[in-house]
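The next block holds one structure in the form of structure tokens; read it before the comments.
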Amino acid sequence: MEKATPERGGSVSSMGNSDLRWETTSQLDIGYDLGILKDRLNLTVDVYRKTTFDLLLNANVPYYTGFQRVFRNIGKVQNQGLEITLNSVNVRKRDFEWRSNFNISFNRNKILQLADDENNMLSMKNWSSGFSETPLYMAKVGGPAALFYGYIFDGVYQYEDFDQTPSGDYILKNDRPDNGDPRELIQPGDVRYRDLDGDGMITDGDRTVIGRTLPIHIGGFNNDFRYKNFSLNVFFQWSYGNHVYNANREIFEGNRLNSIIINQYASYEDRWTPENPSNTLFRVGGMGPAGTYSSRVIEDGSFVRLKTVALAYRFNPRYLQAIRLSDLEVNVAAQNLFTWTNYSGTDPEVSIRHSILTPGFDFSAYPRARTLVFGLKATF
Amino acid sequence: MTCFLMSSCEKFVSTNPSDFLPTSAYYETEQHLQTALNGIYSRLQAESLYGASLWSYHDIADEFYWSMGNVTQTAPNITIYRHSPSDSHVRGLWQTCYKGIGDANMLIANINKPDMDEQQRNVILGEALFLRAYYYFLLVSNYGKVPMPLKPVTSPVGNNMPASSIREVYDRIIKDMERAETLVLPIQDIGFGGRISKSAVRGILARVNLYMAGYPLQDESRYVETLRWARMLINDPVHRLNPDYTDIFIRYARDEYDIGESIWEVEFWGNRGDAYVSSGRLASRNGIEMRDANFTDVIGFSYGQISTIGRLYRRYESGDVRRDWAIAPFRYSGGQSISYSSSQIYERNCGKWRREYEVVIPKNRNFTPQNFPILRYADVLLMYAEAANELLGPEEALPALNQVRARANATLFQGTNAITDQDQFRKVLRDERSRELCFEALRKMDLIRWGIFLETMLWVGNEIAGEAPPSKIYAPYAAQNVSTRHLLYPIPAYELALNRSLEQNPNW
């Protein structure tokens with residue numbers, strides 16, 4: 001038989017959706033402005049509610065359909081919030097003035113309805129091939145659009161969880177749950193997850209909500225000072241009550257991908273060893289089944305940040321005439337000077353591959369730069 | 001100068017897209033049907049099926065191990081039975097099978113659309129029905145209960161489909177394959193093994209029935225069917241063993257056909273130097289180690305990622321021509337073949353498909369035009385022997401077994417050497433299948449259907465740990481990590497998250 005040139009083949013690559021509708025929103029805002037003490041104190045209160053109908057998404061569909069993603073309307077989402085802004089002139093003298101602006105926002109989103117009358121929907125995060133098949137987020141009717149979803153980290157197996165055979169092997173005691181690996185492979189120092197359904201095995205049924213992605217409130221506090229020819233701006237910013245999935249730690253604090261040549265964080269020093277029975281970090285190679293998400297690396301993403309400090313000096317015009325200038329100002333401004341947070345990563349504010357269903361995820365993100373800018377402004 | 005014309009959309013936007021083909025405008029001609037059918041075939045070439053995974057990742061049992069794993073390089077989880085429901089290879093096999101099924105459902109639903117010759121239409125229908133059934137066969141044997149859509153999925157809404165039972169899936173496979181057998185062409189009319197022929201359908205029906213007779217269905221009434229289909233091929237004068245065992249595989253390298261022996265093969269083609277991406281990793285991933293860039297075109301590059309374990313090597317008697325062909329007693333260095341010493345067994349790579357016989361130049365470093373055999377006549381003879389032994393006893397089964405052994409120059413079981421005990425024959429046959437068909441993506445499923453996968457892996461694990469060279473640190477891991485849950489793959493985590501009517505397999 002002669003070799004022939006291949007024939008062309010064709011296949012159906014994507015599914016149409018004749019029911020697709022435009023996303024629509026309805027929004028209601030109520031605002032209240034109040035100025036007192038000759039407008040030295042200004043208060044603005046806004047309440048809003050925005051409802052998005054037919055939220056449009058290139059959503060994953062099960063593979064058995066022969067397809068992977070289809071544009072579809074996945075449901076109805078409500079965003080509502082309260083935003084309070086307070087502007088005040090705290091001091092107003094001839095040589096000294098202090099004005100401040102304080103704002104705080106409480107935003108919530110809520111899934112009102114999901115397509116197919118589902119009561120929840122799971123989403124994956126595509127960041128590493130070892131994990132991208134597992135869902136990390138749940139959107140639940142009546143709850144927020146994104147909650148972290150996975151196993152509850154339950155420490156590390158210790159020697160007392162095992163019976164020792166005469167030959168010296170460690171056999172997991174019958175009343176201890178496995179971690180998703182076959183029982184006979186589990187050794188002291190291996191990662192442990194909480195067996196929520198109590199069947200002695202870690203399976204999909206033991207996954208639960210392990211963190212929230214939305215802050216309870218965020219806000220800013222801005223201050224402008226002026227003293228004679230100096231002016232100073234100090235701006236703080238904060239977020240409170242959100243979690244961040246610090247996926248860097250999956251790779252660099254425990255080597256979940258089981259790579260052979262890879263560095264680890266300094267915290268890896270404190271991993272479980274026979275001499276150091278850590279209950280927070282499993283032994284080398286004790287990372288359990290691949291591709292699972294757990295609360296181990298979920299961290300509080302709350303922070304207060306000194307976002308901006310800017311200092312300027314403006315020369316008195318009287319002295320400038322001699323050098324034929326009408327205006328001269330020197331200034332120095334710093335951004336992201338300091339952050340108060342318990343978050344162990346470089347920046348609690350990051351979110352890679354962000355979407356409404358998959359927020360609050362840190363993996364190898366580029367942190368915000370700390371910048372220092374010197375300026376000279378001259379007008380001839 | 002650039003000129004922009006702005007106007008209201010309505011008059012200019014056509015709702016008929018021009019950058020892709022909507023299915024409503026397709027399946028209009030015989031050529032459309034043929035093109036769609038080729039698309040169903042092409043899934044077999046995917047890296048997640050016969051392009052690489054089925055004969056490497058998915059067939060780790062008592063024949064070979066992933067020898068690329070060492071102190072500086074991790075072996076993929078799936079090669080050491082450390083895969084989880086989130087493993088990309090567990091997902092890849094699932095996804096690709098369902099893509100093939102989706103394409104087939106679409107073609108079958110539109111089969112009557114064009115005006116065309118009825119016999120031609122039936123041939124295309126038969127091939128599509130068979131391929132869909134074959135993808136279901138891969139699914140049910142690897143994952144157990146699976147959803148079984150038989151019509152195109154046309155709506156993105158309401159896609160929660162419960163799994164059909166293993167029995168239901170097998171029954172449907174049999175039904176569709178038996179219907180296909182009446183529709184497709186005889187292999188002589190096709191002239192090559194890349195297309196589904198009556199012979200291919202009959203041989204695969206023998207195999208499917210053999211799987212049904214074993215674990216998990218244990219429906220021993222199916223041996224009759226295996227016997228019936230295999231006998232049909234044995235009585236067909238077209239089919240015979242290629243007298244030279246090595247020539248079977250040299251032909252795959254040279255893209256030459258032999259419909260006598262090679263009944264169904266997956267077609268690969270080219271070197272990716274043109275628009276076609278139809279080459280696979282056969283003889284590259286599982287080739288003989290050759291890493292010297294100066295000899296890529298003369299010999300052909302291979303990392304030698306698959307090596308034998310001691311047990312497979314020892315299954316052969318020394319005069320058996322299959323041993324030193326299936327397991328290469330040498331590797332390449334500096335363009336020369338370097339022989340292994342008699343104690344170097346675990347170092348030896350799979351040698352069944354050899355790149356030095358390829359004729360497409362230049363040779364791609366990783367991808368080859370070599371074809372992969374899904375069904376060889378030798379397999380048909382051994383399936384016949386297996387079913388005959390179960391139903392009629394060793395006497396009826398021996399001639400087929402001996403025919404396979406004679407070609408390999410192995411000792412025949414005849415005269416005083418004849419096997420008379422049924423159980424003894426079973427044991428010999430199980431080894432013979434490995435001797436003849438090792439590395440051909442059959443072994444793991446054979447062990448599972450015989451119900452001896454777990455015990456075999458237990459022995460093998462201890463054996464390897466005792467004899468493999470220390471540098472091959474991953475060699476014993478697969479066998480040591482196996483447990484009861486590995487009789488099936490887990491349902492991919494991705495699928496469970498999106499099809500809420502599915503349940504995970506036991507212990508996953």
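Chain A is the first sequence line, chain B the second, and so forth, proteins listed ahead of strands; every chain is numbered from 1. Just so you know, these numbers come straight off a predicted model, no measurement behind them.
Listed options A:Phe67, A:Phe131, A:Tyr64 were ranked by heavy-atom pairs under 4.5 angstrom with chain B; first place goes to A:Tyr64. For the options B:Asn105, B:Asn77, B:Val146, B:Asn160, heavy-atom pairs under 4.5 Å to chain A are most numerous at B:Asn160. The residue among B:Gln480, B:Gln34, B:Glu495 with the most heavy atom pairs within less than 4.5 Å of chain A is B:Glu495. Put simply, of A:Thr203, A:Leu20, A:Asp178, A:Asn60, the one with the most heavy-atom pairs under 4.5 Å next to chain B is A:Asn60. Comparing B:Gly102, B:Ser278, B:Ser155 by heavy-atom pairs within less than 4.5 Å of chain A, the highest count is held by B:Ser155. Interface remark: of the candidates A:Asp199, A:Thr292, A:Leu122, A:Ile202, A:Leu122 forms the most heavy-atom pairs closer than 4.5 Å to chain B. Among B:Ile259, B:Asp103, B:Ile101, the residue making the largest number of heavy-atom pairs under 4.5 Å with chain A is B:Asp103. Of the listed residues (A:Leu257, A:Val70, A:Thr65, A:Asn73), the greatest number of heavy-atom pairs within a distance under 4.5 Å of chain B belongs to A:Thr65.
Listed here is the closest heavy atom pair of B:Ala493 and A:Pro135: O-CD, 4.4 Å. Between B:Lys99 and A:Gly66 the shortest heavy-atom distance is CG-O, 3.9 Å. Heavy atoms only, all atoms of each residue included: B:Arg485 and A:Asp181 are closest at NH2-CA, 3.9 Å.
In this structure, chain B has no heavy atom under 4.5 Å from any part of A:Ser18. Both the backbone and the side chain of B:Met161 have a heavy atom closer than 4.5 Å to some heavy atom of chain A. At a 4.5 Å heavy-atom cutoff, the contact between A:Pro182 and chain B is made by backbone and side-chain atoms alike. Neither the backbone nor the side chain of B:Thr96 comes within contact range of chain A; no heavy atoms are under 4.5 Å apart. B:Gln95 touches chain A through backbone and side chain together, each having a heavy atom under 4.5 Å away. Within the 4.5 angstrom heavy-atom criterion, no atom of A:Met138 approaches chain B. Looking at B:Asn507, both its backbone and its side chain come within 4.5 Å of chain A, counting heavy atoms on both sides. Contacts between B:Trp94 and chain A at a heavy-atom distance below 4.5 Å involve the side chain alone, from C-beta outward. For B:Leu139, no part sits under 4.5 Å from any heavy atom of chain A, backbone or side chain. With a 4.5 angstrom heavy-atom cutoff, A:Ala290 touches chain B via backbone and side-chain atoms both. For B:Pro156, the parts lying near chain A are the backbone and the side chain together; criterion is any non-hydrogen pair under 4.5 Å. Heavy atoms closer than 4.5 Å to chain B are found in both the backbone and the side chain of A:Gln68.
Atom CD in A:Glu7 sits 12.5 Å away from atom CH2 in B:Trp269 (nearest 0.5 Å). The CG atom of B:Asn159 sits 6.0 Å away from atom CE of A:Met15, with the distance rounded to the nearest 0.5 Å. With values rounded to the nearest 0.5 angstrom, A:Ser132 atom OG is found 7.0 Å from B:Arg91 atom CZ.
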Might you work through the side-chain contact (heavy atoms from CB on, under 4.5 Å) test for B:Leu498 and A:Val61, ending with a clear yes or no?
CA-CA 6 Å; B:Leu498 296 167; A:Val61 290; 5.9 Å; no

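Under a cut-off of 6.0 angstrom, the local environment of NZ in A:Lys125 is crowded, with over 12 non-hydrogen atoms contributed by other residues, nucleotides or ligands. Within a 6.0 Å sphere centred on CZ of A:Phe71, heavy atoms belonging to other residues, nucleotides or ligands number 12 at most. Around the CD atom of A:Glu23, the shell of radius 6.0 Å holds more than 12 heavy atoms that belong to other residues, nucleotides or ligands. Surrounding CG of A:Asn263 are at most 12 heavy atoms belonging to other residues, nucleotides or ligands under 6.0 Å away. By the neighbour-count criterion of 12 heavy atoms within 6.0 Å, atom CG of A:Asn58 is densely surrounded, having more than that number from other residues, nucleotides or ligands.
Side chain of B:Arg500 to main chain of A:Asn120: a donor-acceptor pair is present (N/O by atom type, distance under 3.5 Å, no hydrogens or angles).
Residues of residues 37-48 of chain B lying under 4.5 angstrom from chain A, judged on non-hydrogen atoms, are B:Asn38, B:Gly39, B:Arg43 by number.
Checked options B:Asn499, B:Val153, B:Leu502; the residue passing with A:Pro62 is B:Asn499 (criterion: side chain to side chain contact (heavy atoms under 4.5 Å, CB included)).
Listed by chain and residue number, nothing satisfies the ring-ring contact (aromatic ring centres under 6.0 Å, His included) test with B:Phe268 (two or more places apart in sequence, or in another chain).
A parallel orientation is assigned to the rings of B:Tyr494 and A:Tyr63, their planes being inclined by less than 30° (bins at 30° and 60°).
Side-chain contact annotation: B:Arg82 with A:Asn258, donor-acceptor N/O pair under 3.5 Å absent.
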